[in-house]
Amino acid sequence: MNWTVNLLLMLFLLATAVVAITLKDLLAAVVVFSAYSLMMAMLWTQLRAPDLALTEAAVGAGVTTVLFIIVVYRTVRREDR
Amino acid sequence: MKRLLVLVALAVIGVTLLYGIGKMPPMDSRASPDKTHVVPRYLGHGEEEAGAKNIITGVILNYRGYDTMGEVSVIFSALCAVIAILDREKKGRSRSGVDASRVRTSLIVTTVVRFSLPVVMLFAVYTMLHGEPSPGGGFQGGAIVGASIILFTIVFGLAVSTKRIPPGARVPMESVNMLGFLSMGFIGLAFGVQFLTYILPGLGVAAAETVRKLMLDVIELGIGIGGGIIFISIVFSMIREDRYELQQDVP
Amino acid sequence: MNVFLLAVAAAITVNAFLCLYQAARGPTIQDRLISINIVNTKALVILLILFFVIGQPAMYLDIALVYALLNFVVTVALSRYVETERGARG
Amino acid sequence: MNFSRMFHNLNYVVSVLLFLIGLYAVTVKPNLIKKLIGLNIMETSVFLFIVSIGMVESGQAPIVTEGVKTSQMVNPIPQALILTGIVVAVSTTAVALSLCLRLHERYGTLNSDEILASITDVSQLGRPWEEF
Amino acid sequence: MAEVVRNVLVAALCCSGIVFFLGGTVGLLRCPDLYARLHPSTKCDTLGACSVILALIILSGFSMVVLKLLAVTFFLMLSSAVCGHAIGRSAFKSGVVPWHKPGVEPLPPMEVEEP
Amino acid sequence: MSWALGVAADHPVLLVAVPLLFAALCPIWAMWKRSACFPWAMAGMSVTAFLAWSLIGDVSPRRALTYNLSGWRPPWGIQIRIDYVGLLMVCIITAVGLLIVLYSWRYVEHDLKPERVPYYYTLLLLIMTAMIGFSVTGDLFNMFVMMEIFSITSYALVAISGMKEAVRAAFKYLLMGATSSLTVLLAIAFLYSATGSLNMLDISLQLKSTSYVQVAAVALILFVVGFSVKAALFPVHVWLPDAHSIAPSPVSALLSALVIKMGIIGLFRVFFTVYGPGFAARSGTWNGVIDVVSWLAVASILVGAALAIIQRDFKVMIAYSSIVHIGYILLGLTVLSGNGTVGGLFDILAHAMGKGCFFMVAGIMIYKGNRRQIHELRGVGRTMPVTAWAFTIAALSIVGIPPTAGFMAKFYILWGCIQRGKYHFVVLALIGSLLTAVYCFRVVYYMFFTGARRPDARLDEGPVTMYAPAALLAAGTVFFGIFANLLIPSLTAAARLVLAR
């Protein structure tokens, strides 16, 4: 049963990655990327790495995404510009 | 054309990697080389040798402490790089683009942030100092501190934040993580043992244990405070827009 | 019980897929933000379930606490940015 | 490379796929922010790969508690390495993003094709800091 | 006996949680515009999460774990409400026009006083 | 005095800890007085150089200095291991680094925003720390960490002037550098799963008996790809001309003389310390990879030289010349003959001095009158004799004319090729040398044999802190050319040991 959840999480991870790099709106891409980060933290839990999950939650949700948002806000929002 | 070329290259890389993982030991096996060569000692004796119930903390701070010193140097060099590229903000005078907006922050959001900030800080300190028996540790706590201060800055504006945490106070704190490691290392050298050794000779067994706990706590706090302040500084120098954009963009 | 909990987690994950579809589709940035917010909440619940399946939930629960605390940093930051004049222009 | 073996090593396969997705974004997407998202995806894929190496069947986290035998624990070394790796990834991202801000300030765009199209003759450059 | 009651309770709460989640998702997919989508996102989702967490509390018995779970629930509810408010407000400020049924007179635009 | 020498031999970790301490304190020091940063950095580099050079007597080709961090023996902890090659690298890094810090002083005052000067010196100290740590470590993952430090700092140093081209070059460098770092990390992961260890010597021991040879082979390929980008080998060299030509000149000197050598040292460690020729008996990949790398090295010699000839910009030309020399060094290391290895290692030294001198001269030309084009150097031989002569001597070394270190290096490399019967490499390398002579002596021709009608009186010699380091490096090439026997016997012994593993 565990591998089913694992498989679903993996598929979700791949889906978020693909969505994040295909969206044209950069802010939306960054938001989806934060969801990718959260999924990654879940996989760390599945792999019995609580320290990494904590780090990924704090860094991925707190710091990296905000840095991306700041930069996108200060520069351009559409991908083609 | 370029896309086709890239796809071919990706296919080659993918096939190489898949070949490699096909030949690797199966994922969950207990007999693969990485679980039989070095690790049994870490798992079996890590608690008394490294002084931490959380073996990962033991590996990070004790067995591979030198790597962690490199890690804090990486984040310090990232700070230096960002400041060398973007320059530091001015105390109380720098504004972010959001501050200059006519739309003010919602009262509900400011109230919630103001009341939850102390809770988050408390939790961050708990995480920093609780890395020994449970998951957590300096860097994680630092990241939480950084994230909460970033939230505060976005909600209340850069001018308020830089008044509360001025650059002059942050500069010495940014090096705290490296200085913590180096000072603990030099203490070891002064006692005649090797760099980053935490069991000092010449003390009794109980005293040595206490000293080791103290030294590990100092390092954890150093990593946490330094890391948090470094994140804050990076965000501050990225968020400020007082050079050119304010004049031309925001009405 | 573990199998049942895992089945619950799987069901929630399938739900999360639909939310991701909405995030990919949603016309405005706020739509996507709502969807990702729902995904985050679901992720938190799945995480809690996984802790109980693995055992030792007391040890892992700090992670969920961090999630719950930092969940809204991104949302607040982004909605704050989008509501200003420059952000609204797109 | 038979199929059942690959299915058993699901994490490895997924991390290779993620690596390729990230590399595709880094090489093909013209937008610099997209490139950086791709770089981050690559980084996390490598981290996933390394931590998966240390997994054991029905393992427990490597934290000494009552009721957990050390023989059940997963390998702590990859996790310790990846903690360093995550810090490195954040640092690289921060530096890259600050470079993006500068690039946008100088070129007015974040599209790498347009940036490449606007190369000026290197010899015409003066002392740049005087313009502030 | 107590064991059976507990298991049934847990199962029932989990199932209701899934139902709420499903309702939220369907609402998210079917609602016509952003302001309507805020309803399922904030309410159904929080309710679903709370039921599952309640199931976990019953499952774990009473210990330190319950305290942390309650803290998680508290912050979840708080952040859900605040996020819903922030998103709706940002949409309104950035000029997203509420949806109206074709042929029905839309509400007139209103000016909101800044607090 | 003897006490200090003893400390360095007992605790080689001070080589890393001391510059790191100076780097950590540098911004705090700058809060007090911004101009105090230069003496601070100078002091840090001097102490480090002193510690490094005091080790010269303690290390011989047969005896490496080891130090267990935190007191754990190798498979469990990290070990610092200073072998002969590592010591050579550390001595080069500290010597050239000291001169570069000295050179930076006036250049940075002139060319950089004053607020950034403290962080410039901090980054300089950090990059020195990381390079020293990279050269002496015995642990693969520690190597990766150190590599990340010097990569991140070099991205920032390239972009520090804030010019638009500089930022663009830095971003390109960052994308390629970060991708290559990830490749190296992936390779470490593969190798870890095959052997279960991170210590290099332990890995090489495990590889003799491992049953996962193919995994190790894939790891080898990934290592080579990753480190080639850092070393700017031919198909992945595209970041180098941009980054090296647009960076501030002391930074260009640093990057060209030292940082790209780190890629070479990485390849050297992987080829010879981790895998070793013994691995060839277990898998054909080792020989295949070595062959491919030597062909790529020859390709970079020819491509780099051809591209250098057609450049009009002085610094871009020098940057392409770096690619040529990376080719020579890697050709020497991959012909698998004792003399070739000696030549390759010796060329690291010769190229560090020669190319450092080149970029310093280019910096002086930019400092005095902002001359970047080659044809603008007319008559420099008369107005700036020391600078021009330093350039000329360094050019002799880069081309490989007898009384210089570059000649000895190329001689040994070609001798190695002949010993292994690879005459086609000899011919191609000589063609490369010829092309090198063309582009180097074109500059010398402009400097000495064409004169401006009216020499500009303002354009005299630069400050002494700028031309003295350049002249010292040029003198160094002659010194090591004449007294090559100071190094050659030890290098031969080291090469023999390396190839016998």
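Excluded from the calculations below are hydrogen atoms, water molecules and symmetry mates; all remaining heavy atoms, backbone and side chain alike, are included. Sequence lines set the chain letters: A, B, ... in the order given, protein chains first and strands last, and positions in each chain run from 1.
- Contacts from residues 212-225 of chain B to chain C, taken as heavy-atom pairs separated by less than 4.5 Å, involve no residues at all.
- You'll find the side chain of B:S134 reaches within 4.5 Å of the side chain of C:D62, heavy atoms only.
- Of all residues spanning residues 140-154 of chain B, those with a heavy atom less than 4.5 Å away from chain C's heavy atoms are B:I144, B:A147, B:L151, B:I154, arranged by number.
- Counting heavy atoms of neighbouring residues, nucleotides and ligands inside a 6.0 Å radius, atom OH of C:Y21 does not exceed 12 of them.
- For C:T28, the side chain to side chain donor-acceptor pair (under 3.5 Å) criterion is met by C:D31, not counting sequence neighbours.
- For the atom pair OH (C:Y81) and OG (B:S96), the distance works out to 5.5 Å, reported to the nearest 0.5 Å.
- More than 12 heavy atoms of other residues, nucleotides or ligands sit less than 6.0 Å from atom CZ of B:R41.
- Residues B:F123 and C:V66 share a closest heavy-atom pair of CE2-CG2, 3.3 Å.
- Only the side chain of B:I239 has a heavy atom closer than 4.5 Å to any heavy atom of chain C.
- The side chain to side chain donor-acceptor pair (under 3.5 Å) check on C:R80 picks up B:T105, C:E83, with sequence neighbours excluded.
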